[in-house]
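As structure tokens, the structure follows; a few thoughts come after it.
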Amino acid sequence: MPEQPFDNSETNDSLTVEQAIVNLQGEDLGLRIYAAWWLGRFRVDEPLAVDVLIKALDDEADRTEAGGYPLRRNAARALGKLGDQRAVPALVRSLSCSDFYVREAAAQALDMLGATSSISVLIDLLQDQIPGTLPAPEPPNLAQPFDAILEALGALQATEAVPLIHPFLQHPVPRVQYAAARALYQLTPAPAANQYGDRLIEALSGPDLQLRRSALSDLGAIGYLAAAEPIAETLAENSLKLIALKGLLETQLKQSPDLELPEGAVRVMQLMDELL
Amino acid sequence: MSDLQALIAAVDAADSATKLSDAVQQLAESHLEGAIPTLIAALSYNNPGAAVAAVDGLIYLGEPSVPSLLDQLDQHNYTARAWAIRALAGIGDPRGLTTLLGAATADFALSVRRAAARGLGTLKWHQFPSEDLEIAQAECLDALLFVCEDDEWIVRYAAVTGLQSLATAIWYSQPDWRSPILAKFEQMVSLDPILAVRARVRWAQQQLQQEIGITIPAVATPSSEIFTDWHATLENLYHRKSQERPLPEGDPRRFRGLAATIGSPAND
């Protein structure tokens, strides 16, 4: 079917950066939340866009019946993608928001921004020591977005958090256990780190597809080479296995700047070829 | 009840994901042609284990699977379509050519484009009628060079594998085509934004250096059935030219509709 020419109706406003920024400050809540998402999706890292997104982290107009802040969630997610460090202080404040999902999005964004200045507040949150933070509205009603916090602490190299992370290997929610293993892998020098990678490999053969997907994503994020074959054999979608293997491959390549292709990289590519 | 009926009955009776996956695997390993319709149906069950087993079974059965795979390509379920394309790619039958070309260049689902791009490099060229081989390979080359520009990294990655295989196949028969392929690799190895893709291109370059001049695949005789169907395939090839690629996945215009519906709570 040939492409339809674009009309200029309201739904088309999101097509320009200028309009998205205008919409984000407008009255229409639907357009505001869409604009926040859009600016992140298309990585509009213009200072003005960042300014209005930071302002949206304090929005009071957009509330769900349960008291959530959908616009703040989208704004935090977008700010993580835009890479502008000016967002860090406002995102750290968002870690104290009553809305569970705002805190989750803020922790993820701070992780993406490499914001080591957020570590102490993340640790407070991990210990559930920030007053006024409500648990997740859905079962298992986690008190805090532990997986996002743990992932951020691992990525931010928060070695001081290691003793606090350890107990989460026994957390009743498997996804949280995996996040703890992932963080500990990143915070522990090799070869002691491998035990945590191996825990994630074990999770690839679990009975629950959703959890296998989760373990795939964690292994891709840490790039644990020993997981290559187990990933290829996991009962899950090839798309997810390929993304995980890409993580392993790129971890191998980062150790060889001129595309020298270490043996491990070739091994991973052979597995990827078979999954295409 | 015959073995086949019993195996099919086990697939129908499976009441858990694991049982279904096991039953499909047993059916696939029977290597019975009568299993083909059930194996194709298993591609739509949203059960990766069952689908992997079914694809392996269909590839093993080869040529007899091809007409049903082409007829029953699921237009509504892109996951099933991706598995079917993987089966066609694995079989490499010339009758799959137009389907693979269309899927690689125009399917909206990246998993389908990915599987098809890989398949364009693994066609069994010796099964093509010799007078049509050049046009078929030329179409594949065009398509793969185009797919090397796909918006999704994994589709470009797959296109590189396809292009590498095609390069090996045409190296001596079509020396003029070497340079566009090598130039594309040169361009991608330095300019592709995704490190994993650049690495795959580098590996393709290295393997071409090592392989070329050593092996030329043996010529086998294709079956008469493939020759008969081939002309219909060739017709399709020319019709395909009118197909247009839909908007890529990252294109903002694809999200136009979303703005209209965003207010409804069911949308998150």
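Fair warning: this is a prediction, and the values are worked out from it, not measured in the lab. Naming: A, B, ... by sequence-line order, numbering from 1 per chain.
Proximity to chain B among residues 59-66 of chain A is not found for any residue, judged by heavy-atom separations below 4.5 angstrom.
For the side chain to side chain donor-acceptor pair (under 3.5 Å) test, no residue two or more places apart in sequence or in another chain qualifies with S98(A). With sequence neighbours left out, the side chain to side chain donor-acceptor pair (under 3.5 Å) criterion links D111(A) to no other residue.
Ranked by heavy-atom pairs under 4.5 Å with chain B, the first of L209(A), L235(A), L249(A), L242(A) is L242(A). Looking only at heavy-atom pairs under 4.5 Å with chain A, the residue among A199(B), A82(B), A89(B) that has the most is A199(B).
The two residues L275(A) and R114(B) make their nearest non-hydrogen contact at O-NH2, 3.9 Å. Across every non-hydrogen atom of L276(A) and A158(B), the tightest pair is CD1-CA, 3.8 Å.
No side-chain donor-acceptor contact under 3.5 Å links R202(B) to the backbone of E260(A). Distance alone, capped at 3.5 Å, is enough to place a donor-acceptor pair between the R118(B) side chain and the D273(A) backbone.
Here the straight-line distance linking atom CG of L245(A) with atom OH of Y157(B) works out to 8.5 Å at 0.5 Å rounding. Separating the CD atom in E274(A) from the OG1 atom in T161(B) is a distance of 10.0 Å, to the nearest 0.5 Å.
For L261(A), the part lying under 4.5 angstrom from a heavy atom of chain B is the side chain only.
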Which atom pairs, one a donor and one an acceptor, fall under 3.5 Å between side chains of residues 215-227 of chain A and the rest of the protein, sequence neighbours left out?
| unit_1 | atom_1 | unit_2 | atom_2 | d |
| --- | --- | --- | --- | --- |
| D218(A) | OD1 | R182(A) | NH1 | 2.7 |
| Y224(A) | OH | D198(A) | OD1 | 2.7 |

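Under the side-chain contact (heavy atoms from CB on, under 4.5 Å) test applied with K246(A), the options L195(B), V197(B), I194(B) reduce to a single match, I194(B).
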